[in-house]
Structures are given as structure tokens and as C-alpha cells.
Novice: 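Quick one: structure below, then a few questions.
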Amino acid sequence: MGFTDQGLQSRRMVVFAAVFLLMTFLILYSSNAGSNASNYTSFRVSINHVRKPTNLKKWAGKDGYVPILGNKTMTLHCQYCALVTSSSHVLGSHAGDDIDHTECVIRMNDAPTLGYEADVGNRTSVRVVAHSSVFRVIRRPNEILHGMDSRPVIIFWGPPNKIGKDAKGTLYRLIQRFSMTYTNVSCFSITPNKMHKFDSLFQKETGRDRQKSHSWLSTGWFTMVIAIEICDNIKVYGMVPPSHCGKKSGLKKMPYHYYKPRGADECVTYLQNESGRRGNHHRFITEKQVFARWAKQYNINFTHPTW
């Protein structure tokens, strides 16, 4: 009987192990299948089914920008704008002179001009800064303010509880101190209501809820929309088309930022974020698909590379 009981117990252990492995497989499969809502293919299909494009000229509202100090208003309007990205594709472009001769020049985050003037120009009219880049911008004011127009604008975006007018945290105090020190710079933050509108715009343009799809809007997304609001014609420098990183032929490795030559590869960053399933990710390729659709509607041209 002892032998029989031992054999029966062994068989039960084998059955239990088999069931456990099967359940584990099913759980993993279900998790992966459920997360497909955020992968590249799902986003691409959604974009192709967008029926009516958003009129960003009507969507825009200057009341969506709150001055950090005083009662300034966002009244900037430019007929021609150069939107200079932080991509390393601008290196070797020799576009600096063309950029500097454009009526308004828009840059992002802490992208410098010192040492890169031949390719990215020297002037800055507007700088759009994410909450995650505030420390890097504030700690190098001379570099960031170098070449800025006489009455430049800096627009800060991020969660209202970090940079909003009612926020009392470290980031807001840093921005406030910066604004008090450099009074010739008009500093604004984006209102909570407008931040929500940016989320709604992403959902309308992609068919995906930003939060449910675990997506983070990039500074490029905010900057492009802001540029459309204030510019009649936009020339974008250094932004690759949405299909660029999907090419099968071997692409030359390009640093994600032109000022960080040893940084992450651009296409690796784009593809990893686009297909990321857990945690929050920028959907760079999805955003560029939207930009491609906006191009004709808002007089947007892309160069270095040309789309």
C-alpha cells in the first residue's frame, strides 16, 4: 500500500505541475494579448480610421497659457517658423543660416545652440520645455538664453500639480525664480484644461485613449501643436518620417539627441517606445503619422530629411 500511495502522490504532483504550467502560459498569453492595444500595429490601424481631422486653428486658445509672473498674454504670431528638433539628423545639415533667417525659431527642452550654430542656428524665439527638463534648463541659463530674441517666450508643460499656477512644489518655484531673474523672457505654463485638451486631441487623432494605452505625449507633440497655433508656415528640421525606422535595410545609428553623441540610438528608442506594453511610453512613430496628416492642412514642410 505504501508503494501505491507513493506512486499516486507522484502522479498527483505531475498533474499539478502540468496544470500550473498551463495556467501560467494562459495568464501570460492573456496579458500579452490584452496589451496589444498599445503596440505599433494597433496605433497605425487606428490612425488610418480617423474620419474628420481636427481644426487646430479653432482648437487653439491663447487663454490656455498662464504667465508665471504678471499678466502677460500669449499673443505671439509668426508668418514663418523654423521648428528645430533635437534629432542628430540636423548634424551636417548646414541649415543654421536658413534657420536664423526665419522669422521665428522654435526649439525644445534643453537643446543647445552653442557649438552647433552651423547646423541648428543661433536664434531662439520660443522654447517648449517639459516638466522633466526644467532642472536641466534652469541650471544652464546662459546656455539656454544664448541667442534668444529680444522678447523670447518659454512655454512649460507638465502635470498641473508640478508646474501649474496653484502648484507650490520645487519645479514651480524654480520656474518662478527663473522668470523673476530674466524679466525679458515671457514664461508661461499650460493650464490644466488645455493639458486635458492635448490628451483629448491625441485620442481623436489616433483613436487611442492616452492613459488606457499607457502613452506619454512627447515634447514634440506639444511643440508641433503650439507651432500650428502661432505659425502660418512651419519648416521642421531633423524630424524623420514615420516609416523611417521600419526600413529593413541597415540604417546608420543616429544618436537620439544631436548634443548627446553617446546617447541612445534614435530608431531603437522609437521602436522600443512604440511597441512598449508595460509602463508608459512615448509613441513617437504614431505622433509622426499624425504630423504627416497635418502637413498639408497647416503648411508644414520637413527637411533634413525631406518627407
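FYI, side chains are in, hydrogens and waters are out, and symmetry mates aren't considered; it's all heavy atoms of this structure. Along the sequence shown, residues carry numbers from 1.
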Novice: F302 vs W307 aromatic rings, parallel, tilted or perpendicular, using cut-offs 30° and 60°?
Specialist: parallel
Novice: Check V185 against K72 and note the closest heavy-atom contact, atom names and distance.
Specialist: O-NZ, 3.5 Å
Novice: Apply side-chain contact (heavy atoms from CB on, under 4.5 Å) to M148 and I154, showing your working.
Specialist: CA-CA 10 Å; M148 272 198 154; I154 299 182; 3.9 Å; yes
Novice: Count I, L, V, M, F, W, Y as connected when their side-chain heavy atoms are under 4.5 Å apart, and connections chain through other members. Are L83 and I99 then in the same cluster?
Specialist: no
Novice: Taking the side chain as every heavy atom from C-beta outward, state whether L91 and Y116 have any pair of such atoms under 4.5 Å apart.
Specialist: yes
Novice: Hey, is the main chain of I175 close enough, under 3.5 Å, to the side chain of S179 for a donor-acceptor pair?
Specialist: no
Novice: If only atom types and distance count, is the side chain of D265 paired as donor or acceptor with the main-chain N or O of K253 below 3.5 Å?
Specialist: no
Novice: Looking at every heavy atom in both L217 and H282, which two are closest together, and how far apart are they?
Specialist: O-CE1, 3.3 Å
Novice: Treating N122 as the side-chain partner and E117 as the backbone partner, does any N or O pair qualify as donor plus acceptor under 3.5 Å?
Specialist: no
Novice: Find out whether R293 and E205 are in side-chain contact, i.e. whether some heavy atom of one side chain is under 4.5 Å from a heavy atom of the other.
Specialist: yes
Novice: If you look at every heavy atom in S93 and V90, which pair is closest and at what distance?
Specialist: OG-O, 2.6 Å
Novice: Do you know which of Y65, F202, F198, W216 makes ring pair (Phe, Tyr, Trp, His ring centres under 6.0 Å) with F222?
Specialist: F198
Novice: Any side-chain to backbone donor/acceptor pair from S88 onto P255? Under 3.5 Å, distance only.
Specialist: yes
Novice: Establish whether V129 and F135 are linked, either directly or via other cluster members, by ILVMFWY side-chain heavy-atom contacts under 4.5 Å.
Specialist: yes
Novice: Testing V126, T124, T223 one by one against R107 for a side-chain contact (heavy atoms from CB on, under 4.5 Å), which residue passes?
Specialist: T124
Novice: Would you find a donor on one side and an acceptor on the other, under 3.5 Å apart, between the side chain of N55 and the backbone of K57?
Specialist: yes
Novice: One thing to verify: whether D199 and R210 come together as a salt bridge, which I'm taking to mean a side-chain N less than 4.0 angstrom from a carboxylate O.
Specialist: yes
Novice: Do T85 and M108 come close enough that some side-chain heavy atom pair is under 4.5 Å?
Specialist: yes
Novice: Would you say K260 has more than 12 foreign heavy atoms packed within less than 6.0 Å of its NZ?
Specialist: yes
Novice: Can a donor-acceptor pair be found, under 3.5 Å and without considering hydrogens, that links the side chain of T102 to the backbone of V105?
Specialist: no
Novice: How close do Y258 and S87 get, counting heavy atoms only, and between which atoms?
Specialist: CB-O, 3.6 Å
Novice: Under 3.5 Å, side-chain donor or acceptor atoms of residues 231-239 against the rest of the protein: list the pairs with distances, not counting sequence neighbours.
Specialist:
{"residue": "D232", "atom": "OD1", "partner": "H77", "partner atom": "NE2", "Å": "3.1"}
{"residue": "D232", "atom": "OD2", "partner": "H77", "partner atom": "NE2", "Å": "3.3"}
{"residue": "N233", "atom": "ND2", "partner": "Q79", "partner atom": "O", "Å": "3.1"}

Novice: Are M254 and H244 packed together at the side-chain level, in the sense that at least one heavy-atom pair is separated by less than 4.5 angstrom?
Specialist: no
Novice: Provide the closest heavy-atom pair for M195 versus G158 in the form atom of the first, atom of the second, distance.
Specialist: CE-O, 3.5 Å
Novice: Has Q211 got more than 12 heavy atoms of other residues, nucleotides or ligands less than 6.0 Å from its CD?
Specialist: no
Novice: Do the side chains of E287 and M224 get nearer than 4.5 Å, heavy atoms only?
Specialist: no
Novice: So L271 and E274, do their side chains get closer than 4.5 Å, heavy atoms only?
Specialist: no
Novice: Are any non-hydrogen side-chain atoms of I106 and S125 less than 4.5 angstrom apart?
Specialist: no
Novice: For a 4.5 angstrom cut-off between non-hydrogen side-chain atoms, does L145 reach F178?
Specialist: yes
Novice: Over 60° means perpendicular and under 30° means parallel, so tell me whether W294 and Y298 are parallel, tilted or perpendicular.
Specialist: perpendicular
Novice: List the steps and the verdict of ring pair (Phe, Tyr, Trp, His ring centres under 6.0 Å) for H131 and W157.
Specialist: CA-CA 6 Å; H131 60 101; W157 71 269; 5.6 Å; yes
